[in-house]
> 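Please see the structure below; I have some questions.
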Amino acid sequence: MLIVLPPSETKSFGGDGAPLSLDSLGFPELTPLRQQIIDDLRALDTAEAREALKLKNNFDEEFAANQQLWTSPTTPALSRYTGVLFDALSPATLPQPRWSRLAVGSALFGVVRGQDPIPHYRLSASTKVPRQEDPAAAAPTMKKRWGAAITEALAGVEGLVLDFRSGAYQNLGPLSSAATVRVETTAGKVVSHFNKHYKGELARVLCLHDAEPDTLDEVIEIAQGAGLSISLSSPTQLTLVVDR
């Protein structure tokens with residue numbers, strides 16, 4: 001089983017790992033595109049970066065982080081990303097071997113394994129970064145840059161894939177065979193922002209269980225055993241009902 005989580009805009013700084021080495025990341029077939037996007041991102045001058053990243057706060061800090069992608073320290077992906085989902089997941093309190101059940105979607109790296117060492121960076125799924133070799137051309141979307149590469153990488157994963165990514169990141173590399181999770185209230189209303197929290201809770205439950213589920217029925221059994229209200233609403237969709 002592999003649970004693919006969405007990234008977060010907020011990330012921790014620092015780390016005690018060696019600088020970024022693309023060879024150390026999972027899904028090595030994505031390396032050429034990762035290299036190209038990093039090079040193009042670092043080539044942006046201040047004005048270009050301000051336009052591309054559309055940051056209202058902390059621009060200088062985030063711009064500097066992108067410029068230092070090859071030299072700044074790294075930390076495992078699950079320690080780099082912060083925010084609502086990762087607070088609920090609490091990866092630091094999960095057994096390290098269980099991190100192998102988790103991956104994170106990324107505009108910069110495509111998808112990374114939970115233990116992959118990455119630096120702080122700023123790049124979202126909606127960002128358009130001009131290509132160095134043709135700066136006069138319209139900047140391509142991240143979806144165009146990644147093409148089918150993320151989809152093909154995830155399609156190569158053996159076993160069950162649970163796709164917890166948000167729509168923007170699913171769009172970078174959709175996987176039709178993956179199962180998704182819909183979070184709704186007892187009144188049947190879709191939970192928007194806080195769905196990340198509940199997905200983090202579900203991911204934690206699945207990582208803490210000794211046996212790794214191979215089917216959605218087993219996912220449901222494990223989650224219900226932990227007190228979650230979850231059911232199969234279509235062949236590839238789970239519905240998690242929360243009391244809100």
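Each residue takes its place number in the sequence, starting with 1.
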> Checking Tyr121 now: which residues fulfil ring pair (Phe, Tyr, Trp, His ring centres under 6.0 Å) with it, not counting sequence neighbours?
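By the ring pair (Phe, Tyr, Trp, His ring centres under 6.0 Å) rule, Tyr121 matches Phe109.
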
> Taking atom CD as the centre, does Glu158 end up with more than 12 heavy-atom neighbours from other residues, nucleotides or ligands that are less than 6.0 angstrom away?
no

> Partners of Thr82 by side-chain hydrogen bond (donor to acceptor under 3.5 Å, both in side chains), sequence neighbours excluded?
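Residues passing side-chain hydrogen bond (donor to acceptor under 3.5 Å, both in side chains) with Thr82: Thr10.
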
> Could you go step by step and tell me if Ile3 and Asp163 meet the side chain to side chain contact (heavy atoms under 4.5 Å, CB included) rule?
CA-CA 6 Å; Ile3 303 171; Asp163 191 352; over 6 Å; no

> Which residues satisfy the side-chain hydrogen bond (donor to acceptor under 3.5 Å, both in side chains) test with Gln68, sequence neighbours excluded?
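With neighbours one apart ignored, the set is empty.
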
> Please determine whether side chain to side chain contact (heavy atoms under 4.5 Å, CB included) holds for the pair Val183 and Thr239, giving the CA-CA distance in whole Å, both sets of side-chain angles, and the decisive distance to 0.1 Å.
CA-CA 6 Å; Val183 183; Thr239 296; over 6 Å; no

> According to ring pair (Phe, Tyr, Trp, His ring centres under 6.0 Å), who are the partners of His209, at least two apart in sequence or on a separate chain?
none

> For His120, which of Glu61, Arg80, Glu62, Lys11 qualifies under side-chain hydrogen bond (donor to acceptor under 3.5 Å, both in side chains)?
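Result: among Glu61, Arg80, Glu62, Lys11, Glu62 is the only option passing the side-chain hydrogen bond (donor to acceptor under 3.5 Å, both in side chains) with His120.
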
> Kindly state each residue pair satisfying side chain to side chain donor-acceptor pair (under 3.5 Å) with at least one member in residues 140-153, sequence neighbours excluded.
Asp40-Arg145

> Shortest non-hydrogen contact from Ser231 to Ile220?
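For Ser231 versus Ile220, the nearest heavy atoms are C-CD1, 4.0 Å.
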
> For Gln67, what residues pass the side chain to side chain contact (heavy atoms under 4.5 Å, CB included) criterion, not counting sequence neighbours?
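Applying side chain to side chain contact (heavy atoms under 4.5 Å, CB included) to Gln67 gives Phe63.
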
> Going by the rule ring pair (Phe, Tyr, Trp, His ring centres under 6.0 Å), which residues pair with Phe164 if we only count those two or more places apart in sequence or in a different chain?
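Partners of Phe164 by the ring pair (Phe, Tyr, Trp, His ring centres under 6.0 Å) criterion come out as none, since no residue qualifies.
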
> Hey, is Glu48 close enough to Arg50 for a salt bridge, meaning N to O under 4.0 Å?
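No, this pair does not count.
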
> Please enumerate all residues that pass side-chain hydrogen bond (donor to acceptor under 3.5 Å, both in side chains) together with Arg131, with sequence neighbours excluded.
Gln36

> Once side-chain hydrogen bond (donor to acceptor under 3.5 Å, both in side chains) is applied, do any residues pair with Asp39, and if so which ones, sequence neighbours excluded?
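side-chain hydrogen bond (donor to acceptor under 3.5 Å, both in side chains) check on Asp39 returns Gln35.
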
> Does atom CD (Gln96) have a neighbourhood of more than 12 heavy atoms from anything else shown, all under 6.0 Å?
yes

> Side chains of Arg204 and Thr93: donor-acceptor distance under 3.5 Å anywhere?
yes

> Quick check: is Ile230 connected to Phe194 through a chain of hydrophobic side chains (ILVMFWY, heavy atoms under 4.5 Å apart)?
yes

> Just grab all the side chain to side chain donor-acceptor pair (under 3.5 Å) pairs involving residues 186-196, residues at least two apart or on different chains.
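Of all non-adjacent pairs touching residues 186-196, those that pass side chain to side chain donor-acceptor pair (under 3.5 Å) are Asn195-Lys199.
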
> Quick check: is Phe13 connected to Leu123 through a chain of hydrophobic side chains (ILVMFWY, heavy atoms under 4.5 Å apart)?
no

> With sequence neighbours excluded, tell me which residues meet ring pair (Phe, Tyr, Trp, His ring centres under 6.0 Å) with Tyr81.
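With neighbours one apart ignored, the set is Phe86.
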
> Please tabulate, one pair per line, all N/O donor-acceptor pairs under 3.5 Å involving side-chain atoms of residues 23-31, not counting sequence neighbours.
residue	atom	partner	partner atom	Å
Ser24	OG	Ser21	O	2.7
Thr31	OG1	Pro28	O	2.9

